[in-house]
Protein chains: 2
Amino acid sequence: MGFTELANARLETIGFRSTAPRRAVLRAIEAAGAPFTVEDLLASLPDVGRATVFRTIKLLHELDLLCRVPLEDGSVRYQLSEGGHHHHLVCRGCGRFTEFTDLELDARIQEQARAHDFILEGHAVELYGLCRECRGQGA
Amino acid sequence: MGFTELANARLETIGFRSTAPRRAVLRAIEAAGAPFTVEDLLASLPDVGRATVFRTIKLLHELDLLCRVPLEDGSVRYQLSEGGHHHHLVCRGCGRFTEFTDLELDARIQEQARAHDFILEGHAVELYGLCRECRGQGA
DNA sequence: ATGGATGCAAAGACTTTGCAGGTCG
DNA sequence: CGACCTGCAAAGTCTTTGCATCCAT
């Protein structure tokens, strides 16, 4: 079951309607191989209104079906979420992300919170650099 | 030596001019006890033009005198930078940040990069939760 | 049928830019 | 004095909202 069907089913379960524009957005997101900007989506969906694209992205993000990745310059990309908690390696060359999980890293973070008498409710870790493909190409 | 003098000296050294509006922005930043938004600064500096405030913030950020912290909702705060590399504990209650450094955490991050054949050039870690003051107040 | 969803365009929030005039060094 | 800086307002971005219409259930 692809993302489109899965997300669609999930939406219906919660009481949202399955509409043509909504499914079009889901398909476009699934088709996007790399992280995308809202602008990318808008461009690939000329027949869907801006508002609908924004509203759908917001919805999916709230449902954790889409993850939002802040870049260093302050811009934001979205990417299909694999679901669980994870972190990102963001390539400055090609802009792609790789997700990874690291329990030890998370444990260390938890410990820092404890050390500061801080109730940890969430955290974000982003690594920036060059991926294997881009490192050689001077990208 | 306070931030204002330090930053001012630093600016002059690099060839920027010490002007009244610039110093006013520096003073306002130093006076801000907590992280601030650009809007906060603008409000506290009614006699300095918007453009100048934005331009000065940008300048200070580029010089690493100011650090930019992305909140979960996508908004951005600034805070006087203590200089070196560090991470943040961001309180969802009062909005204040605490900076911390953790070599072990950084090492773990470096290792993840290595494991993914990724040239690490930078990273960001943000912890979200409740600080000690806010945890009891249901804030 | 009926309330949620859509699309358009307008309004908003936030930031940058062009330019005439002022100021630091 | 000359280059840099400032302030204003206008122009950009990017995102949200109001509202009449449409459509899934």
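Treat the numbers as computed from the prediction; the structure is a model and nothing was measured. A, B, ... follow the sequence lines: proteins, then strands. Residue 1 opens every chain.
- Every residue two or more places apart in sequence or in another chain that forms a salt bridge (charged side-chain N to carboxylate O under 4.0 Å, His left out) with A/Glu121 is listed here: B/Arg92.
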For residues 16-26 of chain A, run the donor-acceptor check on the side chains, cut-off 3.5 Å, and write out each pair with its distance to 0.1 Å, sequence neighbours left out.
residue	atom	partner	partner atom	Å
A/Ser18	OG	A/Asn8	OD1	3.3
A/Ser18	OG	A/Asn8	ND2	3.1
A/Ser18	OG	A/Arg23	NH1	2.7
A/Thr19	OG1	A/Arg22	N	3.3
A/Arg22	NE	A/Arg17	O	3.3
A/Arg22	NH2	A/Arg17	O	3.3
A/Arg23	NH1	A/Ser18	O	3.2

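- Annotation: ring-ring contact (aromatic ring centres under 6.0 Å, His included) contacts of A/Tyr128 (sequence neighbours excluded): none.
- Screening residues 44-61 of chain A for side-chain hydrogen bond (donor to acceptor under 3.5 Å, both in side chains) gives no qualifying pairs among residues at least two apart or on separate chains.
- Rounded to whole Å, atom C1' of D/dT6 lies 14 Å from atom CZ of B/Arg23.
- Over its full length, the helix from C/dA1-D/dT25 to C/dG25-D/dC1 turns its helical axis through 30°, comparing axes from the five pairs at each end and rounding to 10°.
- Mapping B/Glu12 and B/Val76 onto DNA chain C by nearest heavy atom places B/Val76 closer to the 5' end of the strand.
- A/Phe100 pairs by the ring-ring contact (aromatic ring centres under 6.0 Å, His included) definition with A/His87, B/His116, not counting sequence neighbours.
- Between B/Leu41 and B/Val48 there is no side-chain heavy-atom pair separated by less than 4.5 Å.
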- Scan nucleotides 3-14 of chain C nucleotide by nucleotide, 5' to 3', and note B when protein non-hydrogen atoms come under 4.0 Å of the base, S if they reach only the sugar-phosphate, - if neither. BBSBBB------
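- Annotation: salt bridge (charged side-chain N to carboxylate O under 4.0 Å, His left out) contacts of B/Glu30 (sequence neighbours excluded): none.
- The distance from atom CD of B/Glu62 to atom P of C/dT15 is 15 Å, rounded to the nearest whole Å.
- One can place CD1 of A/Ile14 at 15 Å from P of D/dT25, the figure rounded to the nearest angstrom.
- Scanning for salt bridge (charged side-chain N to carboxylate O under 4.0 Å, His left out) contacts around A/Asp106 gives an empty result, with sequence neighbours left out.
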